[in-house]
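Below: the structure, in structure tokens.
FYI, side chains are in, hydrogens and waters are out, and symmetry mates aren't considered; it's all heavy atoms of this structure. Each ligand, and each atom within it, is numbered from 1 in the order the structure gives.
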Amino acid sequence: MCAARDRHPTFKASFAERANNASHPLANYLLRLMELKKSNLCLSADVTNARELLALADRIGPSIVILKTHYDLVAGWDYNPQNGTGARLGAIARKHGFLIFEDRKFGDIGSTVQLQYTAGNARIIDWAHIVNVNMIPGKAAVTALQQAAARWRSRVNYEVRTSVSVGTPVSDSFDGEDDEQGTPAPTSLSAPKEPPPSSSARTDYNNGRKGSIVSITTLTQSFEPVDSPRFSNTIAEGDELVYAGIEEPPWERGLLILAQMSSEGNLMTNEYTQACVEAAREHKDFVMGFISQETLNTDPADTFISMTPGCQLPPEGDEEDGDVAGDGLGQQYNTPAKLVGLCGSDIIIVGRGILKAASPPQEAERYRRRAWKAYLNRIEQHA
Ligand code: 5BU
């Protein structure tokens with residue numbers, strides 16, 4: 001089912017060793033988090049309303065290192081950048097120590113994917129540490145997303161503070177940009193749209209661009225440097241807890257290239273997968289790894305992380321590594337022992353295997369233990 005990759009150094013290396021060699025700050029962080037939590041489990045949180053999503057993230061958080069979302073299937077997703085669904089998920093992620101991966105599978109021309117990543121109601125880049133790209137449009141999509149992330153990163157250390165003061169209005173209209181996107185002006189959670197002129201002085205950024213008239217009230221915004229990735233003034237009290245044993249994730253965003261799919265009859269050929277690997281090698285400072293069914297590290301210098309959907313365990317009590325039937329809609333499943341132990345995948349992505357269990361937290365623990373055991377067996381270490 002997968003090519004033997006066991007001669008590549010990453011196959012037998014521990015996640016701690018690989019963290020030391022990881023050039024991408026978020027990959028380095030994730031690999032250390034995996035060692036700390038003894039988890040290589042990603043929950044595919046495919047539930048259809050926001051309240052359920054947040055409750056699930058809080059319940060399963062202790063077992064996972066990544067929570068994967070499809071924000072567009074969640075009813076009641078609150079787009080408020082300060083205390084909406086993305087921000088609340090971020091607070092839960094900090095508390096339990098996991099990263100958020102929006103499985104958006106960008107797949108359009110560069111200019112469009114940049115906007116889909118950073119704009120619109122969802123502003124995915126604000127809350128998702130990791131996203132993925134479908135390589136059908138070609139390498140430019142990767143370059144474009146990297147450019148957008150770099151632009152966001154260069155601005156995000158500045159918090160926007162909004163204040164309302166009485167004074168002479170300077171403009172009788174908004175600049176229109178926010179109206180087009182249907183969202184309010186950026187708040188402390190979003191990266192400012194204009195780079196601040198100086199990182200030290202508090203500078204009013206009015207000049208007519210962000211001014212509005214409410215009677216004679218003027219809305220002004222200023223940018224202040226912040227040195228922590230934690231967004232302040234957000235979320236309810238008590239959600240400011242931070243997972244012990246590791247610092248908060250770095251600001252750098254990461255990309256996964258969708259190089260292989262789990263679904264039956266998918267059209268991704270070996271040649272296509274190889275083109276994905278080449279694109280990743282050309283963008284090592286942004287691409288953390290792949291969504292794939294096996295490790296794709298072949299060049300001695302490759303240090304990519306492979307994350308694999310299409311994973312289920314047979315029911316408890318059945319033969320440990322017996323076959324698991326597909327879902328009847330094209331999805332095919334393999335066990336953690338096969339994916340991690342034989343094929344060299346690093347992180348298993350599990351949705352319904354956990355979500356449909358009588359006790360999802362208990363089942364998540366079962367998957368965590370089995371995937372971790374498969375990893376330890378692969379690197380020939382014992383618990
Ligand atoms: P499941 O319930 O464990 O089958 O969910 C798998 C999830 O992973 C689901 O959100 C899919 O959209 C996602 N997925 C997948 O199943 N197979 C793929 O090749 C890719 C994504 Br890419």
For [X], counting its heavy atoms only, list the atoms of ligand 1 lying under 4.0 Å from any of them.
{"X": "I291", "value": "22 (Br)"}
{"X": "D46", "value": "5 (O), 7 (C), 9 (C), 10 (O)"}
{"X": "D103", "value": "12 (O), 13 (C), 21 (C)"}
{"X": "L258", "value": "22 (Br)"}
{"X": "Q331", "value": "4 (O), 6 (C), 15 (C), 16 (O)"}
{"X": "R352", "value": "1 (P), 2 (O), 3 (O), 4 (O)"}
{"X": "P309", "value": "8 (O), 14 (N), 15 (C), 16 (O), 17 (N), 18 (C), 19 (O), 20 (C), 21 (C)"}
{"X": "K105", "value": "12 (O), 21 (C), 22 (Br)"}

Under 3.5 Å, is there a donor-acceptor pair between the T10 and N297 side chains? yes
Does a side chain donor of either D126 or W152 reach within less than 3.5 Å of an acceptor in the other side chain? yes
Just distances here: any N/O of [X] and N/O of ligand 1 closer than 3.5 Å?
{"X": "S44", "result": "yes"}
{"X": "Q293", "result": "no"}
{"X": "V350", "result": "no"}

So that I can tick it off, tell me whether R18 and D346 are bridged by a salt bridge, with the cut-off set at under 4.0 angstrom between side-chain N and carboxylate O. yes
Lys/Arg-Asp/Glu bridge criterion (N-O < 4.0 Å) met for R366, E363: yes
Among all the protein's non-hydrogen atoms, which is closest to [atom], and how far away is it?
{"atom": "atom 12 (O) of ligand 1", "answer": "H70 NE2, 3.0 Å"}
{"atom": "atom 3 (O) of ligand 1", "answer": "G351 N, 2.9 Å"}
{"atom": "atom 4 (O) of ligand 1", "answer": "Y333 OH, 2.6 Å"}

Classify the ring geometry of Y79 against W77: parallel below 30°, tilted from 30° to 60°, perpendicular beyond 60°. tilted
Using the ring of each side chain (for Trp, its six-membered ring), is W372 parallel, tilted or perpendicular to F15, with breaks at 30° and 60°? tilted
With a cut-off of under 6.0 Å to the ring centre and 45° to the axis, is K37 in cation-pi contact with Y243? yes
Compute both the distance and the angle, then confirm whether R378 meets the cation-pi test with F11: under 6.0 Å from the six-membered ring centre, within 45 degrees of the axis. yes
Which one holds for N266 and ligand 1: side chain close, backbone close, both close, or neither close, with close meaning a heavy atom under 4.0 Å? neither
Region of S262 engaging ligand 1 - heavy atom pairs below 4.0 Å: both
Nearest-0.5 Å distance that lies between atom OG in S263 and atom CD in Q331: 7.0 Å
Are there over 12 heavy-atom neighbours, none belonging to R281, within less than 6.0 Å of that residue's CZ? yes
